[in-house]
J.: 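I am attaching a structure below and will ask some questions about it afterwards.
So you know, we letter chains A, B, ... as the sequences are listed, proteins then strands, and number each from 1.
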Amino acid sequence: MKKKVLSKEEIGSNKGKKIVELVNDRDYLIAIVDGVPKDLSYVIKGNEKEIEIVDFDHPKGREAFWHTSSHILAQAVKELFPQVKLTIGPPIENGFHYDFYTGDNTFTPQDLEKIEKKAKEIIERNLEVVRMEISKEEAIRIFRDKGEDFKIELLNEIEDDKVSVYKQGDFVDLCMGPHILRTGLVKAFKILSSSSSYWRKDEKGPVLQRIYGISFPTEKELEKYLKKIEEAKKRDHRKLGKELDLFSYSEDIGAGLILWHPKGAIIRRIIENFMFEEHIKRGYLPVYTPHVGKKKLWEISGHLDFYRENMYPEMEFEEEEGYFVKPMNCPFHIQIYRSNLRSYRDLPLRFFEFGTVYRLERSGVLHGLARVRGFTQDDAHIFCTPEQVEDEIKGVIDFALFVLKKFGFKDYKVYISTKPEEYVGTDEMWEMATNSLIKASKEVNLSFEIAEGEGAFYGPKIDILIRDAIGREWQCTTIQFDFNMPERFNITFRDSDGRDKRPYMIHRALLGSFERFFGVLIEHYAGNFPLWLAPEQVRILPVSEKFMNYAEKVLDVLKREKIRAGIDAENEKLGYKVRKAEIQKIPYLFIVGKKEEEKEAVSVRKHGEGDLGIMEIRKVIKLLREEIESN
RNA sequence: GCCGGGGUAGCUCAGCGGUAGAGCAGCUGAUUUGUAAUCAGCAGGUCGUGGGUUCGAAUCCCUCCCCCGGCUCCA
């Protein structure tokens with residue numbers, strides 16, 4: 001990484017000069033002047049406190065590089081399709097995109113090829129990228145002449161009457177900048193995909209065509225990036241799920257409904273058992289509830305008002321009230337709460353259930369195990385007094401982090417979502433609840449971001465998102481206050497002063513759902529499950545059929561030790577069986593032949609490490625036990 | 001739900017107006033195998049669904065279902 005910081009003296013002595021006069025623009029992309037990113041054409045005033053000049057390896061440098069790349073993309077599109085209207089084109093985490101209004105037209109794959117070619121041509125032209133500050137009126141005139149209606153809409157919202165535009169060749173775009181100085185600096189440029197998007201995120205507004213691209217200062221970096229993407233695709237849980245025979249779906253059953261195959265199911269059960277025990281240890285009480293409930297229940301809960309579009313339609317009967325399959329467990333847990341008069345001495349009450357829910361997600365959002373229509377949450381509802389809220393939240397966060405650690409997750413993001421525009425409950429309740437989330441997070445040194453106004457209407461929440469192989473983030477852990485349900489179902493507890501009061505209700509799921517969590521877990525381990533989770537922990541490979549008897553004997557010992565094992569009895573060469581087992585990512589292979597049988601031993605081969613040599617059975621089992629328990 | 005791409009044997013894919021093909025997997029046989037693919041033979045498909053165009057459709061058009069990439073929305 002190249003980075004240059006101008007000293008006070010350098011700033012003073014270069015007053016009136018453009019920064020680009022001090023450095024080579026092939027090495028440096030932009031400058032950060034007193035914390036604000038600027039073009040290298042920035043003229044030094046002399047009174048700046050700090051000027052930092054950065055390259056592509058700096059996030060701000062990269063941003064500018066990709067931002068300029070998005071302008072190059074836009075210029076290419078405008079040259080090929082002059083009738084297309086520009087909207088916006090920001091840099092993103094990996095590359096950039098630009099949204100175009102194309103009326104009834106869309107971009108075909110052939111169009112994208114042409115656009116990429118044209119973009120490369122524009123790069124060849126090595127156009128200077130010039131920043132111009134002009135009056136708002138002038139900008140409006142320019143974009144009106146060009147028919148850029150969307151730009152005018154944006155301009156009308158700018159309060160300043162000075163705006164900046166960037167020009168490269170004949171292409172002009174309204175833009176804050178900064179940008180790199182020449183299109184020729186982009187040595188590698190690739191269009192990755194296209195899709196639609198909505199103007200201003202409004203699905204009722206104009207539909208735009210978005211083109212995604214990536215660019216780098218060298219071809220080599222592009223190749224490296226593309227290779228990384230290829231590698232990531234190999235860990236995709238949908239691919240591994242099929243290859244390792246973990247789960248599937250069936251068109252005949254319906255979209256977003258998961259079939260857990262034996263190998264997937266055993267992993268799930270291990271996770272369930274672990275979670276069940278841990279809940280009990282932490283003072284949760286298990287409950288089981290039905291999958292359907294009467295229409296009336298969902299009227300009281302309010303789901304039929306605010307959640308109906310996500311619910312499977314009503315089951316109607318001739319002589320009885322209709323039923324709905326549950327999209328959430330909360331109304332059921334509330335009923336258990338209501339089944340008794342609750343004293344303040346009973347609180348906190350923590351009901352937990354691996355509750356299966358069904359949500360009619362819109363067809364386009366379904367995604368492997370990560371977004372499905374039927375899933376099982378590791379769900380719990382905590383009912384407590386206001387005084388207990390803080391401790392309860394702390395307990396839940398601690399539990400969540402413990403679970404993530406157990407599965408080896410380190411790369412996650414935490415968001416605390418605050419009060420939205422429309423909400424239920426009092427401001428005091430919101431404030432108290434939100435503060436308890438923030439305070440608890442701070443106490444366990446959890447770094448988080450505040451998502452202003454992103455809370456659900458019924459309460460603030462804290463979410464933990466885990467990244468998948470392709471970099472997409474999935475919300476797993478969620479801890480949400482619910483100010484709505486207790487009110488609607490009018491639940492109370494009898495306090496020490498003999499009066500009935502409203503308890504606080506905290507809804508939480510740690511894994512989120514077994515489906516999504518399993519999907520993320522597969523990608524996290526790239527299918528190489530740690531020994532305690534591996535569906536087949538050991539496979540015994542007899543060198544030939546002659547050693548089947550001994551193999552059976554070894555299998556018996558393993559089974560007695562509760563180690564999940566199998567024998568590959570196929571009439572094949574050893575190399576073939578080893579290859580098959582390696583592809584299936586089986587942690588340990590025990591090879592048995594003449595030497596092994598004589599010594600009551602096995603030859604151990606570990607996945608990813610290879611041959612570990614011959615070992616006595618007793619000894620290997622001890623090692624396996626240790627490895628299983630160490631997790 | 002929206003925009004685009006796609007659905008051919010269990011899997012990965014070729015064929016894209018003249019009537020269906022490969023590799024792997026499967027089955028059978030031979031081989032009795034020492035750490036990532038032994039050889040041979042056999043079998044396997046109403047080309048996602050329903051309709052249309054055509055003398056003729058896997059191939060062109062439309063409907064629906066499902067999958068993929070995004071958008072919007074969420075565990």
Side-chain angles (χ1 to χ4, degrees), chain A residues 97 99 102 104-109 111-112 192-205 207-212 236 238-239 242-243 245 248-256 307 309-310 327-328 355 357 359-373 375-379 456 463-466 470 472 474-478 480 507-517 519-520 541-548 570-584 589-596 603-607 610-614:
Chain A
H97 64 66
D99 288 352
T102 57
D104 291 333
N105 299 317
T106 55
F107 295 118
T108 63
D111 290 336
L112 296 182
L192 294 174
S193 63
S194 70
S195 81
S196 74
S197 62
Y198 300 111
W199 173 240
R200 313 220 127 159
K201 302 188 165 196
D202 177 5
E203 63 181 336
K204 292 185 196 76
V207 174
L208 309 176
Q209 296 298 317
R210 173 173 296 180
I211 299 177
Y212 286 87
D236 190 312
R238 293 163 301 184
K239 190 172 157 65
K242 192 176 273 174
E243 286 170 2
D245 197 17
S248 68
Y249 350 80
S250 156
E251 278 194 32
D252 293 335
I253 292 172
Y307 208 71
E309 67 275 17
N310 276 309
M328 294 184 194
V357 296
R359 298 182 186 174
L360 198 60
E361 301 286 353
R362 291 159 86 173
S363 60
V365 307
L366 300 174
H367 180 93
L369 292 177
R371 192 79 183 270
V372 293
R373 284 182 171 167
F375 55 98
T376 303
Q377 298 177 301
D378 59 328
D379 204 3
D463 296 322
I464 303 181
L465 281 70
I466 307 180
I470 317 161
R472 281 183 283 219
W474 294 102
Q475 180 181 314
C476 291
T477 304
T478 182
Q480 316 188 340
H507 165 111
R508 48 109 286 192
L510 305 182
L511 306 177
S513 75
F514 288 98
E515 285 76 7
R516 176 176 292 178
F517 188 78
V520 176
L541 309 183
V543 169
S544 83
E545 279 172 8
K546 288 183 213 151
F547 307 103
M548 265 307 286
E570 229 188 326
N571 177 11
E572 281 291 348
K573 290 169 88 164
L574 183 61
Y576 180 82
K577 294 196 236 189
V578 167
R579 178 183 155 79
K580 231 175 18 163
E582 288 289 351
I583 288 168
Q584 287 168 40
L589 305 184
F590 287 0
I591 287 129
V592 295
K594 194 157 173 252
K595 324 183 268 220
E596 288 80 8
S603 283
V604 181
R605 183 187 165 106
K606 188 169 182 179
H607 179 63
D611 195 352
L612 301 185
I614 189 162

J.: Can you list, pair by pair, the side-chain donor-acceptor contacts under 3.5 Å of residues 574-581 of chain A, counting residues two or more places apart and other chains?
T.:
from, atom 1, to, atom 2, distance (Å)
A/K577, NZ, A/P542, O, 3.1
A/K577, NZ, A/D568, O, 3.2
A/K577, NZ, A/E570, O, 3.1
A/K580, NZ, A/D568, OD2, 3.3
A/K580, NZ, A/E570, OE1, 2.4

J.: Going by heavy atoms in the side chains, are A/E582 and A/L589 under 4.5 Å from each other?
T.: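 Counting from C-beta outward, A/E582 and A/L589 do come under 4.5 Å.
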J.: How is A/R359 classified with respect to the nucleic acid when contacts are heavy atoms under 4.0 Å: base, sugar-phosphate, or nothing?
T.: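 Base contact - A/R359 has a heavy atom under 4.0 Å of at least one base atom.
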J.: Quick check on B/C74: is either OP1 or OP2 less than 4.0 Å from any side-chain nitrogen or oxygen of A/Q475?
T.: no
J.: Which of these nucleotides, B/U32, B/U35, B/A36, is closest to any side-chain atom of A/L574?
T.: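 When the side chain of A/L574 is considered, B/U35 is the closest of B/U32, B/U35, B/A36.
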J.: Counting only side-chain heavy atoms from C-beta out, which of B/C71, B/U35, B/G34 sits nearest to A/V365?
T.: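 In terms of side-chain proximity for A/V365, the closest of B/C71, B/U35, B/G34 is B/C71.
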J.: Which whole number of Å gives the distance between the C1' atom of B/G52 and that of B/A9?
T.: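 My reading of the C1' atoms in B/G52 and B/A9 gives 28 Å.
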J.: Determine the contact category for A/G575: base if any of its heavy atoms lies under 4.0 Å from a base atom, sugar-phosphate if only primed atoms, P, OP1 or OP2 are that close, otherwise nothing.
T.: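 Sugar-phosphate: the residue A/G575, judged by heavy atoms under 4.0 Å, touches backbone atoms but no base.
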J.: From NE2 of A/H507 over to P of B/A75, roughly how many Å is that when rounded to an integer?
T.: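 That distance rounds to 8 Å.
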J.: Yes or no on side-chain contact (heavy atoms from CB on, under 4.5 Å) for A/F375 and A/V357, after CA distance, side-chain angles and deciding distance?
T.: CA-CA 6 Å; A/F375 55 98; A/V357 296; 3.7 Å; yes
J.: With sequence neighbours left out, what residues match A/Y212 under ring pair (Phe, Tyr, Trp, His ring centres under 6.0 Å)?
T.: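 If we apply the ring pair (Phe, Tyr, Trp, His ring centres under 6.0 Å) test to A/Y212, skipping adjacent residues, the hits are A/H97.
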J.: Closest to the A/Y249 side chain: B/U32, B/A75, B/C68?
T.: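 Minimum distance to the A/Y249 side chain belongs to B/C68.
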J.: For A/D611 and B/A36, give me the distance from atom CG to atom P, rounded to whole Å.
T.: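 One finds 9 Å between P of B/A36 and CG of A/D611, rounded.
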J.: How far, in whole Å, is B/G48 from B/C67 if one measures between their C1' atoms?
T.: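 Taking atom C1' in both B/C67 and B/G48, they lie 10 Å apart.
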J.: Using a cut-off of less than 4.0 Å, is there contact between a side-chain N or O of A/R362 and OP1 or OP2 of B/C74?
T.: no
J.: Is any side-chain nitrogen or oxygen of A/Y212 closer than 4.0 Å to OP1 or OP2 of B/C71?
T.: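 Looking at the OP1 and OP2 atoms of B/C71, one of them is under 4.0 Å from a side-chain N or O of A/Y212.
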J.: Distance criterion of 3.5 Å, no angle test: do you see the side chain of A/R508 paired donor-to-acceptor with the base of B/A75?
T.: no
J.: Partner lookup for B/C39, please. Criteria are Watson-Crick or G-U wobble with both distances under 3.5 angstrom; report none if nothing qualifies.
T.: B/G29
J.: Expressed in angstrom and rounded to an integer, what is the separation of A/K201 atom NZ from B/C2 atom C1'?
T.: 16 Å
J.: Tell me whether the OP1 or OP2 atom of B/G69 has a side-chain N or O from A/R210 closer than 4.0 Å.
T.: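 No, because none of the side-chain N or O atoms of A/R210 sits under 4.0 Å from OP1 or OP2 of B/G69.
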J.: Would you say B/C74 has OP1 or OP2 under 4.0 Å from some side-chain N or O of A/R373?
T.: no
J.: Looking at every non-hydrogen atom in both residues, tell me the closest pair between A/T478 and A/Q475 and how far apart they are.
T.: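 Distance-wise, the nearest heavy atoms are CB-NE2, 3.4 Å.
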J.: Say you pick atom P in B/U72 and the same atom in B/G15; how far apart are they, in whole Å?
T.: 35 Å
J.: To the nearest Å, how far apart are A/L465 CG and B/A75 P?
T.: 10 Å
J.: Please determine whether any donor N or O and acceptor N or O are separated by less than 3.5 Å between the side chain of A/S196 and the base of B/G4.
T.: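 Per atom types, no contact qualifies.
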J.: Given the P atoms of B/U28 and B/U35, what is the spacing between them in whole Å?
T.: 27 Å
J.: Closest approach to the side chain of A/E203, judged atom by atom: which nucleotide of B/A36, B/U72, B/A75 is it?
T.: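 Nearest nucleotide to the side chain: B/U72.
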J.: Taking any heavy-atom pair under 4.0 Å as a contact, classify A/S603: base, sugar-phosphate, or nothing.
T.: base
J.: For a side-chain contact (heavy atoms from CB on, under 4.5 Å) check, start with the C-alpha distance between A/L360 and A/R373, then their side-chain angles and the critical distance, and finish with the verdict.
T.: CA-CA 6 Å; A/L360 198 60; A/R373 284 182 171 167; 4.1 Å; yes
J.: Report yes or no: is the ring centroid of A/Y576 under 5.5 Å from the six-membered base ring centroid of B/A36, with the two planes under 30 degrees?
T.: no
J.: Would you say a side-chain N or O of A/S195 is under 4.0 Å from OP1 or OP2 of B/C71?
T.: no
J.: By nearest nucleotide on RNA chain B, pick out whichever of A/S197 and A/L589 is the more 5' one.
T.: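 Its nearest nucleotide lies further toward 5', so the answer is A/L589.
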J.: For a quick check of understanding: with a heavy-atom distance under 4.0 Å over all strands, which category does A/V357 fall into, base, sugar-phosphate or nothing?
T.: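 No contact.
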J.: Using a cut-off of less than 4.0 Å, is there contact between a side-chain N or O of A/Q480 and OP1 or OP2 of B/A75?
T.: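 For B/A75, OP1/OP2 do have a side-chain N/O of A/Q480 under 4.0 Å.
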J.: Suppose we call a contact any N or O donor and acceptor under 3.5 Å apart; does that hold for the side chain of A/E309 and the base of B/G1?
T.: no
J.: Between B/G4 atom C1' and A/Y198 atom OH, what is the distance in whole Å?
T.: 12 Å
J.: Tell me which nucleotide, if any, is Watson-Crick or G-U wobble paired with B/U54 when both distances must be under 3.5 Å.
T.: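 Pairing partner, where one exists within any strand: none, as none qualifies.
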J.: Taking a pair as Watson-Crick or G-U wobble with both distances under 3.5 Å, which nucleotide is matched to B/C2?
T.: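 Result: B/G70.
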J.: Which nucleotide sits closest to the side chain of A/I591: B/C2, B/G69, B/G34?
T.: B/G34
J.: Report the nucleotide, chosen from B/A36, B/G1, B/C68, that has the shortest atom-to-atom distance to any side-chain atom of A/R605.
T.: B/A36
J.: Using the P atom as the reference point in each nucleotide, state the distance between B/A30 and B/G23 in Å, no decimals.
T.: 24 Å
J.: Taking C-beta and beyond as the side chain, do A/S544 and A/K594 meet within less than 4.5 Å on heavy atoms?
T.: no
J.: Tabulate atom names and distances for all N/O pairs under 3.5 angstrom spanning the protein and nucleotides 6-11 of chain B.
T.:
none

J.: Between the side chains of A/D202 and A/R200, is the shortest nitrogen-to-carboxylate-oxygen separation below 4.0 Å, so that they form an ion pair?
T.: no
J.: Looking at B/G4, I'd like to know if its phosphate oxygens (OP1 or OP2) sit under 4.0 Å from a side-chain N or O belonging to A/T106.
T.: yes
J.: How many whole angstroms separate atom CG of A/L511 from atom C1' of B/C74?
T.: 17 Å
J.: Using 0.5 Å steps for rounding, measure from the OG1 atom of A/T477 to the CZ atom of A/F517.
T.: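 A/T477 OG1 to A/F517 CZ: 8.0 Å, rounded to 0.5 Å.
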J.: When you check the phosphate oxygens OP1 and OP2 of B/A75, does a side-chain N or O of A/R371 lie under 4.0 Å from one of them?
T.: no
J.: What pair of heavy atoms forms the shortest contact from A/V520 to A/C476, and how long is it?
T.: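 Smallest heavy-atom distance, with atoms named: CG2-SG, 4.5 Å.
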J.: Considering every strand and a 4.0 Å limit on heavy-atom distances, what is the contact class for A/E515: base, sugar-phosphate, or nothing?
T.: nothing
J.: Return the value, rounded to whole Å, for the distance between atom CH2 of A/W199 and atom P of B/U72.
T.: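 Rounding to the nearest Å, CH2 of A/W199 and P of B/U72 are 14 Å apart.
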J.: Report yes if a side-chain nitrogen or oxygen of A/H367 is closer than 4.0 Å to either non-bridging phosphate oxygen (OP1 or OP2) of B/G70; otherwise report no.
T.: no
J.: Taking for each residue the nucleotide of RNA chain B bearing the nearest heavy atom, is the 5' side occupied by A/G254 or by A/K594?
T.: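 Per heavy-atom nearest nucleotide, the more 5' residue is A/K594.
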J.: Heavy atoms under 4.0 Å, any strand shown: does A/A255 hit a base, just sugar-phosphate, or nothing?
T.: sugar-phosphate
J.: Do A/D99 and A/S197 come within less than 4.5 Å of each other through their side chains, counting heavy atoms only?
T.: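 Counting from C-beta outward, A/D99 and A/S197 do come under 4.5 Å.
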J.: Give me the distance, rounded to whole Å, that separates B/G44 from B/C60 when you measure between the C1' atoms they each carry.
T.: 30 Å
J.: To the nearest Å, how far apart are A/F107 CZ and B/G5 C1'?
T.: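 My rounded result for the distance is 16 Å.
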J.: Determine the contact category for A/E243: base if any of its heavy atoms lies under 4.0 Å from a base atom, sugar-phosphate if only primed atoms, P, OP1 or OP2 are that close, otherwise nothing.
T.: nothing
J.: Sort out the partner of B/G17 for me: Watson-Crick or G-U wobble, both distances under 3.5 Å, none otherwise.
T.: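 Checking every strand shown, B/G17 finds no partner, since no pair has both distances under 3.5 Å.
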